[in-house]
Each structure stands twice: as structure tokens, then as C-alpha cells.
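Below: the structure, in C-alpha cells.
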Amino acid sequence: MTQSRTIPLLLVEDNPADVRLIQEMIAKGGSAPFVLSVASCVSDALQQVLTDRFAVLLLDLGLPDSQGLDTLSRMRAHALGIPIVVLTGLDDEELALQALHEGAQDYIVKGQISGPTLTRILHYAMERKQAEETLRRSKEIAEAADRSKSEFLATMSHELRSPLGVIFGYLEMLLEGEFGPLSAEQHDALQRIDQNARGLFALISDVLDFNQLENGRLPIRIQPVRVSEMLATINYETQSLQKLSGLTFNWRSDPEVPLLYTDPGKLQVIIKNLFTNAVKFTLTGQITVHASTCNGGVEIVVCDTGIGIPTEQQERIFAAFHQVHNAPSRYGGVGLGLYIVRRFVEALGGRVTLKSQVGNGSTFRVWLPLSSADAVQASAPAEQEGKSG
């Protein structure tokens, strides 16, 4: 029969009578093979912890060189990873709760326990501490994996965007006839290539934006924006999509729309995501994009004559990776576009609303304040994290 492995236990207690009692309780506590060491003060205990490896500490809070919860704090600061059971003469429920909150594994009162109970408490303390350490290590591994994932997505998104920029440049030159005239069939083929390449670019951008949102890294850069000029830019950039769709498009900006002070990059993503989403789910009819003044800010409306969205799904479509079930779509996607729209709008201090009916199209309304400075101030920690990352 093999002998059980011994468990080194450090008792921090200055009362000799209590020390003898604990020694006897440990000896009569059953089969638990504890080997007891004793320290009479915190300084002595700290020295022993530095030189010996203990599996568990049994700590009195009232010692010659330390009193109360300060005793526990000092021991925890140096006895890293070692479970501590508080042993005290004070039957104080509030103190017990505070000790547990400060990291003690258990709180026992002198004179209220037997040998078997004490050894059982010590064993449970070691098991709980081991479980805590396992959970902590698992959390650290998960966080490291999440950081690696984020870095990978950011790197891949950048590396994929760069060659797509070159592709767009050559496609534009080909479509404009800079390498010679094109037949109607060739021109149509290049337009389809261009549209699919832009769809891939949008997907990559969505993944990168989602990664930033999920990691709280969303820097906001305020600049003056003329909404009419932005609508004209998006109109131009989506010409291939518009021609292939066979739909009618109406882009309007009221002349009195004031200058916006907001993040132009995020505003462009908002409008473009809403626009391309409308094209995806509109088989016939028209799409209107209209900017106007509204309630002391600017409202941008994207209205379509598409398939519409069932009432029970109208809130869920703003969730990440959600798409309308069984909806016919001309282009693929992973369900991030509207999620990014809502998060970006909120980051800019605005709101987005939806009105839709199955078979009668959808209308998305984005309202933004004239200045997003207040929203930027509120999200300053996230911005600083994004800059440092």
C-alpha cells in the first residue's frame, strides 16, 4: 500500500494554545496527510512563503504585527496562488463576507469546528483555488486567442483591400476605353466583374468594421461634411451596381441641408450599406436616397420598393449575422451591414429607424445631429484604445 502524498500547510497563529489545538485537530482529522508549519506573525509567514512551497494557509487575522483584513491583504499580495482560509475568534458575519470578498477561500471561527471539519475545509479550499486558477488560465488563453483573431482579421482585411484597389483602377481604365474600344458584350462583362469585386471589397470592409466594434476600437474623426457631395460620390461609386440592377434611382439633397460635423468615413459606410442593402432586396421599381433637415439635425432616408421585412424580424435585422429568412437576394453577404449601420449611427450620436411592410418595400431613416462632438466625447475611452491599438 502506497503512502499518500503529504500536503504542506502553514498556520499563521501567535497563540501557543491555539497552535497546539490546531496541531491535534490536524492529526485527528482523518486520512488527510497535512504537514504543519507555524508562523507567529505576518513577517515570519512572509519569509516562510518565500522559501517554502505551501499548498494552503490557515491565517489568524489578529497578529502582533498586523490586524484585521490588512493581514489577509498582506498575505494575499505575497502568497500568490496559495489558497487562504481565515481562522479567527470573531464570529462576525460582515467580517466573514468582507474576507471572502478580499479573496479568502473560507472563514472559520475558533472553537466551532472539529478536526474532520477543518481538514475537509482545507481540502475544499485547495480545490476551489485550483478551479479558480484553471478558469483564470482559460480566460487568459481565450483572450489571447481573441487578440490573435482580431490581429489576423485586421491584417488580412488590409492585405485583401490593397490588391482590390489595383483591380478597381484597371477596371475603371478598361471601362473608360483607355486600352481600346470595347464591344457591348465586353463592357457588360467588365461591369459584372467590377460589381462583384466591389461586393467583395464591401464584405472585407464589413468584417474589419465588425472586428473594431467587437473590440471597442472605434476611433471617431470629426470633419465638416457636405451631405449633397457625399451622396453624389456614393452615386458615382455605385454606378455599376445601379446599371446591373435595372432599377430606377433617385438621389436628392435639399438645398438647405447644413454642413455636418461628423465622421465622413463612417457616414459613407452608413449610407452605402443602406443603399446596397436596398438594391439586394428590390427586384423591381425604384430606390430613393434623400437628405433633408429635421429636428435640428440632418435626416437621410433610403426608401425602396422591395420585398419588405416581416414585423417580427424588423428589430432582429440590426443584429450581427442576421438576415431575413428565405429572402431572395441578388448578392451574397454575412448579415453585418445593418448591424454596422446601427452601431455607427449610435457612435455618431444619431438614431436609425425602420418602417417596412412585406411586399411594399422598406424605408430606413437615419437622423444625425449637426455635430457629433458630444458623442465623440462620450466615447473617448474607446477612441483612445483604438489609437493605442
Side-chain angles (χ1 to χ4, degrees), residues 5-10 12 34 37 42 45-59 61 66 69-86 96-108 120-160 204-220 319-322 334-336 339-340 343 346-347 378-389:
R5 180 180 62 86
T6 57
I7 302 173
L9 163 66
L10 176 62
V12 187
F34 286 100
S37 299
V42 169
L46 295 178
Q47 184 62 39
Q48 291 197 49
V49 165
L50 290 175
T51 56
D52 299 314
R53 297 176 63 88
F54 294 100
V56 60
L57 303 184
L58 192 56
L59 177 67
L61 295 182
S66 185
L69 292 176
D70 183 58
T71 306
L72 175 60
S73 298
R74 291 175 63 186
M75 290 305 304
R76 284 193 68 242
H78 293 82
L80 299 176
I82 304 176
I84 299 176
V85 174
V86 170
L97 290 174
Q98 290 178 332
L100 295 174
H101 181 72
E102 291 293 326
Q105 291 296 320
D106 212 329
Y107 181 99
I108 53 181
R120 185 166 60 250
I121 288 172
L122 293 174
H123 277 290
Y124 287 167
M126 290 187 291
E127 290 173 3
R128 282 195 297 272
K129 188 65 175 180
Q130 184 177 15
E132 287 177 5
E133 289 299 308
T134 301
L135 182 61
R136 181 186 60 80
R137 287 194 296 269
S138 298
K139 183 173 179 290
E140 290 176 352
I141 292 171
E143 289 174 346
D146 189 62
R147 286 193 298 271
S148 297
K149 178 205 71 175
S150 299
E151 292 169 1
F152 171 78
L153 287 174
T155 301
M156 288 304 297
S157 296
H158 178 269
E159 294 301 318
L160 289 170
I204 293 168
S205 298
D206 282 351
V207 170
L208 183 58
D209 291 336
F210 175 77
N211 182 53
Q212 289 183 316
L213 286 167
E214 290 300 289
N215 288 281
R217 298 175 178 177
L218 191 66
I220 298 175
F321 303 110
H322 181 83
V334 293
L336 289 175
Y339 168 79
I340 291 169
R343 293 291 300 272
E346 291 173 349
S379 62
E383 178 180 0
Q384 292 303 320
E385 183 181 353
K387 288 180 180 179
S388 64

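For reference, positions follow the sequence shown, starting with 1. The basis for the numbers below is simple: all heavy atoms, side chains too, and nothing from hydrogens, waters or symmetry mates. Note that the coordinates shown come from a computational prediction; the quantities given were computed from them, not determined experimentally.
Between Met75 and Val42 the shortest heavy-atom distance is SD-CG1, 4.2 Å. For the pair Pro83 and Lys129, the tightest heavy-atom approach, listed with the atom from each and the gap, is CB-CB, 3.6 Å. In terms of heavy-atom proximity, Arg74 sits nearest to Ser66 at NH1-CB, 3.5 Å. Here the closest non-hydrogen pair linking Leu57 and Ala79 is CD1-CB, 3.8 Å. For Leu80 against Ala77, the heavy-atom pair with the smallest separation is CD2-O, 3.6 Å. For the pair Val12 and Ala45, the tightest heavy-atom approach, listed with the atom from each and the gap, is CG2-CB, 3.8 Å.
Considering only residues two or more places apart in sequence or on other chains, Arg76 meets the salt bridge (Lys or Arg N to Asp or Glu O under 4.0 Å) condition with none of them.
Within 6.0 Å of CZ on Arg137 lie more than 12 heavy atoms contributed by other residues, nucleotides or ligands.
Although no hydrogens or angles enter the test, the distance criterion places a donor-acceptor pair under 3.5 Å between the side chain of Arg128 and the main chain of Gln105.
Taking CD of Gln48 as the start and NE2 of His78 as the end, the distance is 14.5 Å to the nearest 0.5 Å. Of the inter-residue distances, the one linking Glu140 atom CD with Leu135 atom CG reads 10.0 Å to the nearest 0.5 angstrom.
Using a 4.5 Å cut-off on side-chain heavy atoms (C-beta onward), Glu102 and Ser73 make contact. Considering only heavy atoms from C-beta on, Leu122 comes within 4.5 Å of Phe34 through its side chain. Between His123 and Ile7 the shortest side-chain heavy-atom distance falls below 4.5 Å.
In summary, Arg136 and Glu132 do not engage in a salt bridge, as defined by a charged side-chain N under 4.0 Å from a carboxylate O.
Screening Ile121, Leu72, Val86 for a side-chain contact (heavy atoms from CB on, under 4.5 Å) with Tyr107, the sole residue that qualifies is Val86.
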